[in-house]
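See below for the structure under consideration.
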Amino acid sequence: MAKILVVDDSKFMRLTLRNLLEKGSKGQHQVIGEAANVEEAVEQYNKLKPDLVTMDMIMPEAVGLEAVKRIVACDPSAKVIMVSAMGQEKIVQESISVGAKGFVTKPVKAEELMKVVGQALGMTV
Amino acid sequence: MDESDLSQFKEVFVPEAREYLAALNTALVELEKNLANKDVLSDIFRVAHTLKGMAATMGFDKITHLTHKMEDVFDKLRKGEASAKGDTLDVLFECLDALSKLVDEIDTGAEAKSDVERLVARLAALIGEEGPAAPAAAEPEEPGAPPAPEEQAAGEERAEQADAAVQAGQDESASPDDNLAGSRPFEAPGGAGAKQDGIAPAAAAPEAEKKTKTTHVRINTSYLDVVMNLVGELVISKSQLEQISGRHKIDELTETLQEFDRIAIDLQEAVLKTRMVSVSQVFDRYPRMVRDLARKLEKDIEFEIYGADIGIDRLLLDEINEPLVHLLRNAIDHGVELPAAREKKGKLRKGKVTLGARRERGFILIEVSDDGKGLDPVLIQKKAVSLGMITEEQARTMSNEDTFGLICDSRFSTAETITDISGRGVGMDAVKTMIESFNGRLAIRSQKGAGSSFVLHLPLSLAIISALMVRVKNEIYAIPLNNITEIVPLSPDSVKSIGGNEVVVFRDRVIPLIRLDKKLGANTRAAARAESGTQYVLVFESGTKSAGMVVDNFLGRKEIVVKTLTGIVKRARGFSGATILGDGSVVLILDISLWI
């Protein structure tokens, strides 16, 4: 059972991810919070101490990259996975170099998401 | 995802997608003013990107495909690898139109028949890509990036999802909002309905203490209506308690009731606030419209909006769109002159149209103004006389404001030829009727040659109104306060008869008298007692028409909760609803426009 924080500026995407994460894991994972921008993400992270964060790439105030940096700075053991659209491989690489633990591409598929989440959490799939 | 999930996702998808499209429209208009504005370009790029991600997730391939290509264009523009040419924005605007059509199709569950390939090819041409031949373009991915096998599989799966989505859409369209509105009201925390708002509780709860960001919850407006109705009931039962308390005179009870009264008022205000949405929700639609129309009419117009964050009752918001569209069109079409004509008059070539909102006491004022040619009172009067609307006599004594009011008369505004003379006219009667239908008022100010201003005075809420309670014989009626222009005592000898109808001379004008008791055949048993005291005339005005209503007494001003008439009284003409008084009696609310 993992507690997850979902970060995305689109409410629709947050709903989708919540659904995929909770239903896809048959209730194993629980989304305990959502954030729509970097500030919220960092704040929510520090407050909720989730086991895992899914992070969108582009958000209003800054790119998701900055959020990853700031979260990892607060908690070096933070597990963040990037959710990105196709064609952003470069930023994905960069995010991994600053501490992201994996990535999935939109449109997000349940199976792929579960695999990446599982890997990031260090669980065997 | 099963189907119920899909339709539930669609409920979030459609409004959010529309929000993004509105934002894109506004941003593109902004970009058009300054093609080199990198900030706007970045914003546009981001919004288009988010929209693409959403659409891809839902499997809406056409939206994904088109936004993907738009994103390419924005990216190139942003990086300076392509420059916006004259028609670049035209194509982009067309794309937004196509997207909004696609979203509509998703919303209604209609078959997605819009074609995006032509637009995709035009977008490709803009950034110097060889527009792929139409059939080949059906492949959603970039030519440069051949899809990996899994991605192809994903593509198929997406197609399936899309099918399911369309199906879910059709299922739902069979019973549009029924689920929410009727059969399962108020299931919100916990029940089946909770999923919908699922985001809210989880996201809001941990954020309880921090208040740096406002969090929002989308709720069905029917829930708000229920809450509003309950508050109304509370207000009624409060006045019942007050009456009881008045009989027994217990100090403690009186004090408690005062406290109760204060809370009830606060609650009423708080609930009214929850129904408020910012006018920007409609205002955001207009920059694009103004731009398109100005271009079409070859006018150079600067469009300014102020007060877009003013809150307005959700119900009113839907109502004001049409009148505003009309007023804006008129301002552009008939108000602002062509650049050359403006120059000749010594004005700036660029005309200005302003749309603004502000609050003033119990009203919300929405103003559409322009610095165009303005209204000519002399010409309007001349035309009105020739149409037999007023006599030359009346014309001489008429104020400018009354004169401008004439253009809202149906006889005036249907006369086509007037349009050019007045600078206004067509459909103004419809505008006025619409505004009055929700208890609003339209005020017109204008200076010949300098411009016009149309101000909508709107009530803060449709659910609770200020009314004057009057007694006619032994019946009590409620009359919305903003309908009443004046109250005068009735001297019996001022009543004259013209053609068998009673009239009264009021401020040098002859206005018809309405006697409710005669029109409605009121109960006359107790009528005798009314005959003794002075009677009063309430003067109403609607357009050029005015009338006076005879009442026997006033019972004071009251905030009343409007209840709609249902059942057999639903079609009772002349009433806009009813309200319940503290003693439990039902009082009808007069719809003045139907009595004049």
Side-chain angles (χ1 to χ4, degrees), chain A residues 3-20 22-24 30-50 56-64 83-89 91 104-113 115, chain B residues 1-2 5 8-17 19-20 42-43 45-47 49-60 64 67-68 71-72 75 141-142 144-145 147-148 150-151 153-155 157-158 161 195-196 198-200 202-207 209-210 212-213 215-216 218:
Chain A
K3 293 179 292 177
I4 300 176
L5 171 67
V6 173
V7 185
D8 200 308
D9 61 333
S10 159
K11 177 180 170 177
F12 169 79
M13 286 308 300
R14 294 199 299 272
L15 179 65
T16 308
L17 283 165
R18 173 186 285 271
N19 190 62
L20 285 172
E22 289 181 348
K23 288 202 177 156
Q30 191 197 347
V31 175
I32 55 165
E34 295 180 9
N37 57 51
V38 174
E39 292 308 319
E40 266 179 44
V42 175
E43 212 172 298
Q44 292 279 70
Y45 186 86
N46 285 327
K47 193 191 298 169
L48 303 174
K49 299 279 175 233
D56 181 40
M57 277 293 183
I58 299 186
M59 292 181 301
E61 284 81 10
V63 287
V83 179
S84 78
M86 274 175 286
Q88 294 184 312
E89 288 74 12
I91 317 180
V104 284
T105 50
K106 290 179 193 173
V108 182
K109 285 185 296 165
E111 213 175 288
E112 188 193 352
L113 181 66
K115 206 171 93 188
Chain B
M1 264 189 248
D2 57 42
D5 275 342
Q8 165 203 330
F9 279 68
K10 206 179 78 174
E11 266 176 41
V12 180
F13 178 89
V14 170
E16 190 168 332
E19 243 169 62
Y20 289 142
S42 296
D43 273 354
F45 178 76
R46 182 183 54 75
V47 176
H49 180 81
T50 305
L51 191 57
K52 182 185 80 171
M54 286 166 60
T57 303
M58 282 293 274
F60 296 135
T64 313
T67 43
H68 185 70
E71 199 185 77
D72 286 350
D75 196 34
E141 300 309 331
E142 284 278 355
E150 311 102 89
E151 276 173 7
E157 195 181 296
R158 263 178 284 153
Q161 285 182 1
K195 262 275 112 88
Q196 230 138 332
I199 287 178
E207 283 174 32
E209 311 105 279
K210 73 131 204 184
T212 44
K213 287 264 167 191
T215 42
H216 293 274
R218 257 179 233 261

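Throughout, a chain's letter reflects where its sequence line sits, starting with A, and its residues are numbered from 1. Computed over heavy atoms, backbone and side chain alike; hydrogens, waters and symmetry mates excluded.
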Measure the spacing between [atom1] of [X] and [atom2] of [Y] and express it to the nearest 0.5 Å.
{"X": "Phe12(A)", "Y": "Glu16(B)", "atom1": "CZ", "atom2": "CD", "result": "8.0 Å"}
{"X": "Phe13(B)", "Y": "Thr16(A)", "atom1": "CZ", "atom2": "OG1", "result": "9.5 Å"}
{"X": "His49(B)", "Y": "Asp56(A)", "atom1": "NE2", "atom2": "CG", "result": "6.5 Å"}
{"X": "Asn19(A)", "Y": "Thr57(B)", "atom1": "CG", "atom2": "OG1", "result": "11.5 Å"}

side-chain hydrogen bond (donor to acceptor under 3.5 Å, both in side chains) with Gln30(A): which residues, sequence neighbours excluded? none
I need the minimum non-hydrogen distance between Tyr20(B) and Asp9(A), along with the two atoms involved. OH-O, 3.7 Å
